[in-house]
Amino acid sequence: MTISATSIVPLLQEFCALRNNIRAIALSDLQGTLLAQVLPSQSDMETVGTVMSSTWMMAQESLLELGRKQIKQIFIKGKQGWIVLHVILDQWILLVFASHELSPRELFAEVQQLSNRMAGLLRG
């Protein structure tokens, strides 16, 4: 399925603009190709895509070794905030960098809401 970044970027920008605790957000395919992003200017898009893809693949492989099915979301707590990887329609990965000001519960709800909106756009 082909998607247009021009339809996704405004949604990502709106999401960040309405939430001052969201630092960056990006959407990639499962191979790590960035399709849309709202990132700080110093961010290297290729590096962000590679990190997203490799983290997702590592998690998927680990779960398969444990005999589990696919995962939908990964939360990582870092020194400067949260990193969330969330799969949308089994084809895309949404990456969200957020400050610690959000609780995991709040962040989960925010990401789920955005994911639902994006799924509607990505379905066409």
Side-chain angles (χ1 to χ4, degrees):
M1 177 184 299
T2 303
I3 66 164
S4 167
T6 57
S7 64
I8 299 296
V9 170
L11 181 59
L12 298 181
Q13 289 171 330
E14 174 190 336
F15 184 80
C16 289
L18 296 174
R19 296 158 183 86
N20 62 0
N21 42 25
I22 302 297
R23 304 292 182 235
I25 192 165
L27 180 71
S28 81
D29 62 18
L30 296 177
Q31 290 71 43
T33 302
L34 280 181
L35 306 169
Q37 67 277 335
V38 177
L39 303 172
S41 59
Q42 70 272 20
S43 296
D44 174 13
M45 292 185 344
E46 188 173 317
T47 300
V48 171
T50 301
V51 168
M52 291 170 70
S53 176
S54 60
T55 302
W56 195 260
M57 283 190 263
M58 179 188 67
Q60 287 286 75
E61 289 174 14
S62 297
L63 285 175
L64 288 175
E65 288 177 15
L66 295 171
R68 300 242 164 79
K69 301 284 181 181
Q70 291 184 320
I71 56 174
K72 289 289 185 188
Q73 194 162 335
I74 299 171
F75 271 77
I76 301 170
K77 183 177 181 180
K79 286 184 179 182
Q80 297 180 358
W82 298 101
I83 300 169
V84 179
L85 295 164
H86 184 92
V87 70
I88 300 174
L89 300 174
D90 297 324
Q91 296 179 37
W92 296 281
I93 302 170
L94 177 66
L95 170 77
V96 178
F97 290 104
S99 71
H100 283 157
E101 296 166 8
L102 277 176
S103 72
R105 180 179 290 188
E106 291 170 314
L107 185 55
F108 175 82
E110 296 279 350
V111 169
Q112 188 62 50
Q113 181 183 24
L114 177 62
S115 173
N116 291 341
R117 289 182 65 196
M118 290 183 73
L121 281 176
L122 293 168
R123 278 189 195 105

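Residue indices begin at 1 and follow the sequence shown.
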For this session: Would you check if the side chain of W82 reaches a backbone N or O of L107 as a donor-acceptor pair within less than 3.5 Å?
Result: no
For this session: Mind listing the closest non-hydrogen atom pair of I25 and C16 along with its distance?
Result: CG2-SG, 3.5 Å
Problem set entry | Partner residues of K79 under the side chain to side chain contact (heavy atoms under 4.5 Å, CB included) criterion, sequence neighbours left out | none
Exercise. Out of curiosity, L27 CG to Q37 CD, how far, rounded to the nearest 0.5 Å?
Worked result: 9.5 Å
For this session: Taking the side chain as every heavy atom from C-beta outward, state whether L12 and M118 have any atom pair closer than 4.5 Å.
Result: yes
Exercise. What residues form a salt bridge (charged side-chain N to carboxylate O under 4.0 Å, His left out) with E14, not counting sequence neighbours?
Worked result: R117
Exercise. Would you call L35 and I8 a side-chain contact if the rule is heavy atoms closer than 4.5 Å?
Worked result: no
Problem set entry | From L85, V111, L94, residue fulfilling side-chain contact (heavy atoms from CB on, under 4.5 Å) relative to Q73 | V111
Problem set entry | Shortest non-hydrogen separation from D29 to W92 and the atoms involved | CA-CD1, 4.1 Å
Exercise. Looking at residues at least two apart in the chain, or sitting in another chain, which of them share a side chain to side chain donor-acceptor pair (under 3.5 Å) with Q113?
Worked result: none
Problem set entry | Contacts of type side chain to side chain donor-acceptor pair (under 3.5 Å), residue Q112, not counting sequence neighbours | N116
Exercise. Does I22 reach the side chain of V38, with side-chain heavy atoms less than 4.5 Å apart?
Worked result: no
Exercise. Roughly how far, to the nearest 0.5 Å, is CG of N21 from CG of L102?
Worked result: 3.5 Å
Problem set entry | Closest heavy-atom pair and its distance - V9, A36 | CG2-CB, 3.8 Å
Exercise. Could you state the interatomic distance from CG (L122) to CG (L11), rounded to the nearest 0.5 Å?
Worked result: 9.0 Å
Exercise. Among all residues two or more places apart in sequence or in another chain, which pass the side chain to side chain contact (heavy atoms under 4.5 Å, CB included) test with I83?
Worked result: I76, L95, F97
For this session: Identify the two heavy atoms, one from A26 and one from L34, that lie closest to each other, and give their separation to 0.1 Å.
Result: CB-CD2, 3.8 Å
For this session: Mind jotting down which residue pairs meet the salt bridge (Lys or Arg N to Asp or Glu O under 4.0 Å) criterion with at least one end in residues 101-110? Sequence neighbours excluded, please.
Result: R19-E110
Exercise. Are any side-chain N or O atoms of H100 and backbone N or O atoms of G78, one a donor and one an acceptor, separated by less than 3.5 Å?
Worked result: yes
Problem set entry | Any H86 side-chain heavy atom under 4.5 Å of V96 side chain | no
Seminar exercise, completed: dist K72:NZ -> D90:CG (nearest 0.5 Å) comes out at 4.0 Å
